[in-house]
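Please read the structure below before turning to the comments.
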Amino acid sequence: MAIPQTLHAEQATRTPANVGAIWTKWLRQEDLSLLTEHPLLVALEDGTASLDVLKRLLAQHSHYSRHFTRYLCALLGQFGDARSIQALLANLREEMGVDDHGHDTHAEMFQRSLRLVGVDPNREPALPATAQLTSAMLAHCKSADPMHGLAAMCLGAEAIVPLIYTPILQSLRHFGFGHEATEFFRLHIEEDEDHALTMLRLMEEFAEDDPARGELGVTIGSEMIRRRVEMLDAVWASTSAPLGAVESRSHNSSDFWRVPSSLTANVPNRLCHPNVMAVSSAADNKFSGERKHRVHIVDLPSHTISMTIGHLEVGEATGAHRHNYETLIYVLQGIGSSVVGDRVVEWKAGDAFYIPPWAVHRHQNSANEECVYIACENAPLLQNLGGIALREELSALHEA
Ligand SMILES: [Fe+2]
Ligand SMILES: [Fe+2]
């Protein structure tokens with residue numbers, strides 16, 4: 001694994017706009033944002049992630065990265081010309097510690113980090129998303145068209161290493177781990193390596209001969225970044241369960257006998273979502289786009305209630321819609337009104353109001369300043385009862 005200088009951590013972390021021009025043709029901004037704004041990576045970097053979260057991520061990363069030399073060998077096998085093979089061999093030689101620097105293999109370094117941090121990947125099986133990331137990487141590298149493997153390895157691994165390893169390094173330092181435990185990550189972030197650029201050059205050559213292959217490379221890079229994000233999502237989602245109990249969060253009639261006679265507090269790792277409105281996450285942007293007004297999602301591990309912060313600009317209104325969950329709204333700022341069924345509720349900062357299940361409603365800013373409100377809903381309760389939360393957009397029918 002190597003770090004292209006043009007995507008160095010200090011430049012790239014949370015500011016994918018600064019990615020060197022050489023990469024902008026190959027890496028999609030929206031994919032990089034999924035990484036730079038991922039709540040797990042943000043929490044690792046700002047020191048709010050627990051040691052448990054860090055260990056879970058390292059265990060999953062181990063299940064993926066233990067196959068790194070297999071990916072590389074599979075890719076090498078797709079090339080017939082000595083020049084390309086020679087170029088890619090430099091990467092493999094460094095992985096195996098037989099380059100001029102003569103250090104341990106990268107696998108040995110990573111194993112040392114795991115031991116020092118106290119992570120035993122054998123006790124933490126690969127999550128489905130990790131297994132999918134691994135098998136997709138290997139499948140691309142085995143593809144007869146080397147563009148598949150190059151794009152997957154270069155765009156889906158080498159080029160994004162700083163975006164993932166910098167938060168991990170920060171978190172390791174936050175918990176006081178020293179030189180030995182951080183060596184693997186420092187090496188990959190700090191060393192002036194050019195493996196990714198080597199792969200990029202080969203991709204550029206393919207794309208020059210056939211632009212469609214260039215497009216293919218971009219698509220594969222995007223796919224692999226999204227698979228990586230799915231692994232991060234899975235790790236993050238597992239963090240409200242105790243270690244080793246990731247699969248035990250849903251219950252059915254066969255385990256009714258497990259109902260305990262007393263309660264034990266299960267305090268999740270994440271108890272705080274700092275600065276909710278300071279950053280718009282990728283999830284916020286997606287949600288805001290669908291709702292057609294700005295929304296910040298409060299990301300906390302609650303199972304029964306949700307919270308969002310809604311914004312309505314001057315003159316803005318939400319679309320008419322209805323849902324089978326309840327909503328409580330508290331107005332932080334502004335003046336507006338809401339149509340709720342056949343009623344109209346006028347509201348202002350300091351007021352709270354209620355939307356009952358399945359009542360058609362829409363909210364409107366009716367003054368000259370932005371409205372900001374907190375909305376709490378029991379959608380997670382219905383979703384966790386078996387995916388039975390419903391929401392219907394009715395704008396076209398009711399906006400007249
Ligand atoms: Fe490496
Ligand atoms: Fe609503």
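One-based numbering, in listed order, for ligands and for the atoms of each.
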How many protein atoms of type N/O/S are positioned less than 2.8 Å from the Fe ion (ligand 2)? 3
Identify the heavy atoms of S222 and R28 that sit nearest to each other, and give their distance. OG-NH1, 3.3 Å
Going by side chain to side chain donor-acceptor pair (under 3.5 Å), H311 matches just one of Q333, H296, E316, H293. Which one? H296
Flag side-chain contact, heavy atom, 4.5 Å: E30 against N285: no
With rounding to 10 degrees, what does the angle H106:ND1 / the Fe ion (ligand 1) / E95:OE2 come to? 90°
Would you kindly say whether E346 and S337 are connected by a side-chain donor-acceptor distance under 3.5 Å? no
Taking everything shown except D209 itself, do over 12 heavy atoms lie less than 6.0 Å from its CG? yes
Within 45° of the six-membered ring axis of F110 and under 6.0 Å from that ring's centre, is NZ or CZ of R66 located there? no
